[in-house]
Amino acid sequence: MDADRLNGFHVRWYSHNGGRTTGPFFTMDELTVYMARHDLPGPDEFLAPIEP
């Protein structure tokens, strides 16, 4: 699955944002920037796609 071709996606970190989903992100680059900004490792869950 290529995340950059989806209609957007959410992710979840169990220890960030109260365990709630975060997003939507529309590219992996957006997710990478968010992770760097918040000093996060890869997400615990990748939730996709967002239905139009």
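The chain is numbered in sequence order, starting from 1. Just so it is clear, the values below take in all heavy atoms, side chains as well, and ignore hydrogens, waters and symmetry mates.
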Show me the side-chain donor-acceptor pairs of residues 31-39 shorter than 3.5 Å, one per line, residues at least two apart or across chains.
unit_1 : atom_1 : unit_2 : atom_2 : d
Thr32  : OG1    : Met28  : O      : 2.9
Tyr34  : OH     : His16  : NE2    : 2.8

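- With sequence neighbours left out, the salt bridge (charged side-chain N to carboxylate O under 4.0 Å, His left out) criterion links Glu30 to no other residue.
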side-chain contact (heavy atoms from CB on, under 4.5 Å) for Val11 and Leu47? Distances and angles first, verdict last. CA-CA 5 Å; Val11 296; Leu47 309 163; over 6 Å; no

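- A distance-only check finds a donor-acceptor pair linking the side chain of Trp13 to the backbone of Pro41 [under 3.5 Å].
- Formation of a donor-acceptor pair under 3.5 Å by the Arg12 side chain with backbone atoms of Glu45 is not found in this model.
- Partners of Asn17 by side-chain hydrogen bond (donor to acceptor under 3.5 Å, both in side chains), not counting sequence neighbours, listed by chain and number: Arg20, Thr22.
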